[in-house]
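Have a look at the structure below, then the notes.
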Amino acid sequence: MPSEQWTHPEPGDGPAAVAAKPSPEQVIAGLRATSEGGAELTQLLTPEGQRIPSPQFDKYVADVDDEVLRNLYRDMVLVRRADREANAMQRQGQLGIWVPLLGQEAAQIGSGRALKPTDMAFPSYREHGVAYARGVDLRELLGIFRCTDHSGWDYKAHGFHPYTIVIGNQVLNAAGYAMGQKFEGKVGDDDGEATICYFGDGATSQGDVHEGFVWAAVYDAPLVFFCQNNQWAISEPTERQSRLPLYQRARGYGFPGIRVDGNDVLACLAVTRWALEECRHGNGPVLIEAFTYRMDAHTTTDDPTRYRLSDELEEWKLKDPIERVRAYLARGGGADHDFFDQVQAEADEFAKQLRDYTFNMPEPPPERIFANVYAEPSPALEAQQKEFLSYLDGFATAGEH
């Protein structure tokens, strides 16, 4: 009986290692494949801004002319500027914490712009770019990080679920939602619905994610699993979590997986459109591994200099998702200096609006914490609210004496 294969080689890497006798070279090759793009990386724009033709994916971005690409560039610049402003406000004590997305703008804008209004997105806690793409006012995000709100947007209207802090839990929520779409007959043609769920490479080590894979596969749920592999699960590198490239894990559950250059907004748009189309037509789930890099800390409570080298960061700066679009537009005459200056000015004004709102954000009344907990009020919840407000009133009464 043959030994169980434990690593699937990239093309040209030679025979797969087996559990019985993996050679040192095969072990190293398996680990390296988790931290490098590899031959199967889908890319349409190089870091130098050169367009790469793709027989498989070009048709999914056939509508992307210079105007559309300028809008994608604008999206990424505004989102990055908002992210940097929020990071600064946390350092100034205006936000309790912030979760940076620096370096992941292309993965989020590319995939977010691929969604239709009838689709639903389930984020973790870093998907500020997806929120922006779904029409969520970023000021409504800031209440979460200022600790004044859980989520201020209408998630049904925007097709964007509230943030999930528990690692990987949103995958189960997304799987259940997508199963509902399947049971209600909302798949099967171009007008079908789909769901996308975002999580990081670290979440792939959580049981919730694997349970979501199982349920989505068994029921052919229209669910795109979008893994932003930013190389670090806080301080643990991806090669400490998997012997396989993460996209290859989909094979074990019976659905396709693909690795895309997460710093290439055009490739992320194309691959996500393809995956969503597969789901809409009832072909079951798809796993996308967006191969990117977290250019900042995991959160503002983290110090990445304690666990990663500066030369790694410098290497990824050369793959900046915004600069490659800028280079492409400038080289081909799709945009000039006036356009780039205008976008930067707009981004600065956008950041100013976020800052002004944060500094003047109203404090919600204490009873709001009990609002929208359940679809209908319950006696138990009403009793808790009454007890809590009475407790607070006691402080006001004490202050009068």
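Every value quoted in this text rests on a predicted model; they were computed, and no experiment measured them.
Two residues are said to be in side-chain contact when any heavy atoms from C-beta on lie closer than 4.5 Å; Arg280 and Lys116 meet this criterion. Using a 4.5 Å heavy-atom threshold, the side chains of Gln353 and Tyr357 count as separate. Glu367 is not listed as a side-chain neighbour of Phe388, based on a closest heavy-atom distance of 4.5 Å or more. Annotation: side chain of Val209 is not in contact with side chain of Phe225 (no heavy-atom distance under 4.5 Å). Considering only heavy atoms from C-beta on, Gln384 comes within 4.5 Å of Phe370 through its side chain. For the pair Phe359 and Met89, the minimum side-chain heavy-atom distance is below 4.5 Å. Residues Gln94 and Phe145 fail the side-chain proximity criterion, which asks for heavy atoms closer than 4.5 Å. A 4.5 Å side-chain heavy-atom check between His161 and Gln170 finds every atom pair outside the cut-off.
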Side chain to side chain donor-acceptor pair (under 3.5 Å) between Asp338 and Gln342, intermediate numbers included: CA-CA 6 Å; Asp338 288 342; Gln342 176 187 345; over 6 Å; no

Can you list the steps and then say if Thr292 with Asn263 is a side chain to side chain donor-acceptor pair (under 3.5 Å)? CA-CA 6 Å; Thr292 182; Asn263 286 19; 2.7 Å; yes

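Under the side chain to side chain contact (heavy atoms under 4.5 Å, CB included) test applied with Glu289, the options Thr238, Ile258, Asn229 reduce to a single match, Asn229. Considering Tyr155, Phe226, Tyr198, Tyr177 as possible partners of Phe122, the one that fulfils the ring pair (Phe, Tyr, Trp, His ring centres under 6.0 Å) test is Tyr177. Each of Asp320, Asp296, Asp75 was evaluated against Arg80; a single residue qualifies, Asp320, per the salt bridge (charged side-chain N to carboxylate O under 4.0 Å, His left out) test.
Taking the six-membered ring where tryptophan is involved, the planes of Phe340 and Tyr73 are perpendicular, since the angle between them exceeds 60° and thus also 30°. Using the six-membered ring where Trp is involved, Phe57 and Tyr60 have ring planes that are tilted, between 30° and 60° apart. The aromatic rings of Trp153 and Tyr163 sit perpendicular, their planes meeting at an angle over 60°, well past the 30° parallel limit.
The residues Glu349 and Lys352 are annotated as not salt-bridged, no charged nitrogen and carboxylate oxygen being separated by less than 4.0 angstrom.
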